[in-house]
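Structure, as structure tokens:
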Amino acid sequence: MRRIYLDNNATTPVLPEVFEAMRPYFSEHFGNASSIHHHGQETRAAVEGARESVAALLNCRPAEIIFTSGGTESDNLAVAGLAAPGDHVITSAIEHHAVLHACKHLEEQGCELTCVPVDSKGLVDPDDVRRALRPNTRLITIMMANNETGVLQPVHEMAEIAAESGAVFHTDAVQAAAKVPIDVRQIGCHALSISGHKIHAPQGIGALYVNKDIPIRPLLHGGRHERSRRAGTENVPGIVALGKAAQLAKATLDQGRDREMSTMRDRLEQGILAQVEDAVVNGAGAPRVPNTSNIRFDHIEGEALVIALDLKGLAVSTGAACSSGAIEPSHVLVAIGLRPDQARASIRFSLGKQTTAEDIGEALRLVPESVGRLRAISPRYTKQAVST
Ligand code: PLP
């Protein structure tokens, strides 16, 4: 069966060039990057080269990059490392759980927390952030691109608000990196998270940019790795892979080749809307990353559609998280005002570098067919249901 993968916001395949770059660091170049002999120097040079590539993607200094185990660790390091009990933290209702739960944990330890809402497009209103400020606001953390809808937040304005109030601004750019240009100086953020496996590097590697003037408390204590900001022997193959993926992403963005992605995404979206009635794009009208489309197919269960499409070879996902047997509606889609049944009827399509025009053509054949079949057997999809 032909398999089509449109779930790149969950994870991306490692690109062949990235795999080739990291491969020697499992065997020939195996040294500990902290060793002073030849083997250590070899891997140290590779780590520092990768740091330069990641810094070039984000337009910061190499010394401002901390390598981590992924987006979750980067977010946790930013939240726990930049705020302390007694501080006030502002975040948004649509953050990834890596930020939301890290903030909730801080709250349990004595931080004050404000979670600002979003509008029906999934956008945070900077005025809500401004109104939430308190004299002890230390950290504002608002994501750059949402993982479910792809909606891009006005992060530059958030950074300005933080700067005016003397707070630090962190943004989770895990789903924005490699999809839109990121310039930390232009944004004015103090900290920014990225993850390797969302940009065609492997799972288990990530980075946190932290401005050189901002002290950050480490999560992990031990050796003096990463300028004492993250202890632990470096994951050299992962770091080399992240550097290579960053280089490739920068070249794609510099050459404007990211437009090919939005052309394919738009074709998929328009094609589905043209063929399927009662389908609505979540986050439509807001600026979005070029690879993501979240579509609500009223009167069906998203999980059932994911399974039906998987049986035909098309991998997509719902925004819903499964916890202890109960399918909770996505907190992101509920935050933009969807009813639980509407949130559960939503599917995320996310393209990657390997996605082809043929993949989109095939998806455009499979999705209307599967939605039609599920609605035909759905007691909820009646003429009456359509008109309500
Ligand atoms: N932040 C966002 C917006 C994400 O989409 C993800 C992963 O889905 C993460 C953080 C966590 O990244 P990781 O899987 O590398 O821990």
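Note that the structure is predicted; figures quoted are calculated from it, not measured. Numbering of ligands and ligand atoms starts at 1, following listing order.
- Of all atoms in ligand 1, listed by their number and element, those nearer than 4.0 Å to a heavy atom of D75 are 1 (N), 10 (C).
- Which parts of ligand 1 touch N147 is read off a 4.0 Å heavy-atom cut-off, strictly below it: atoms 3 (C), 5 (O).
- H39 and H37 have perpendicular rings, their planes meeting at more than 60° on a 0 to 90° scale where under 30° would count as parallel.
- Geometrically, ligand 1 and S195 share a nitrogen or oxygen pair separated by less than 3.5 Å.
- Within the 4.0 Å heavy-atom cutoff, E73 does not count among the residues contacting ligand 1.
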Pair R51-E48, salt bridge (Lys or Arg N to Asp or Glu O under 4.0 Å): steps then yes or no
CA-CA 5 Å; R51 202 185 302 280; E48 297 316 317; 2.7 Å; yes

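- Of the protein's non-hydrogen atoms, D172 OD2, 3.5 Å is the one closest to atom 3 (C) of ligand 1.
- Hydrophobic clustering keeps Y209 apart from I216 (ILVMFWY residues linked when any side-chain heavy atoms are closer than 4.5 Å, directly or through intermediates).
- Of the listed options E148, H197, M143, Q203, H197 places a heavy atom closest to atom 14 (O) of ligand 1.
- In this structure, the protein non-hydrogen atom closest to atom 13 (P) of ligand 1 is G71 N, 3.5 Å.
- The protein heavy-atom contact nearest to atom 4 (C) of ligand 1 is H96 CD2, 3.3 Å.
- R229 has no carboxylate O lying under 4.0 Å from a charged side-chain N of E226, or vice versa, which leaves the two without a salt bridge.
- In the model, N32 has no side-chain atom that pairs as donor or acceptor with a side-chain atom of T43 under 3.5 Å.
- Among all protein heavy atoms, the one lying closest to atom 8 (O) of ligand 1 is K198 NZ, 2.6 Å.
- Grouping the Ile, Leu, Val, Met, Phe, Trp and Tyr side chains by contacts below 4.5 angstrom, directly or via other members, places M158 with L152.
- Of the protein's non-hydrogen atoms, T72 OG1, 2.6 Å is the one closest to atom 16 (O) of ligand 1.
- Taking 4.0 Å as the cut-off between side-chain N and carboxylate O, R296 and D278 do not count as a salt-bridged pair.
- Checked for salt-bridge contact, E358 and R2 miss the test: no charged N lies under 4.0 Å from a carboxylate O.
- A salt bridge links E164 with R130: at least one charged nitrogen is closer than 4.0 Å to a carboxylate oxygen.
- The N/O atoms of A145, backbone and side chain alike, include none that comes under 3.5 Å of an N/O atom in ligand 1.
- For ligand 1, one of its N or O atoms has an N or O atom of Q175 under 3.5 Å away.
- With ligand atoms numbered from 1 in the order given, ligand 1 contributes 15 (O) to contacts under 4.0 Å with heavy atoms of G70.
- Contacts of N146 with ligand 1, taken as heavy-atom pairs under 4.0 Å, are absent altogether.
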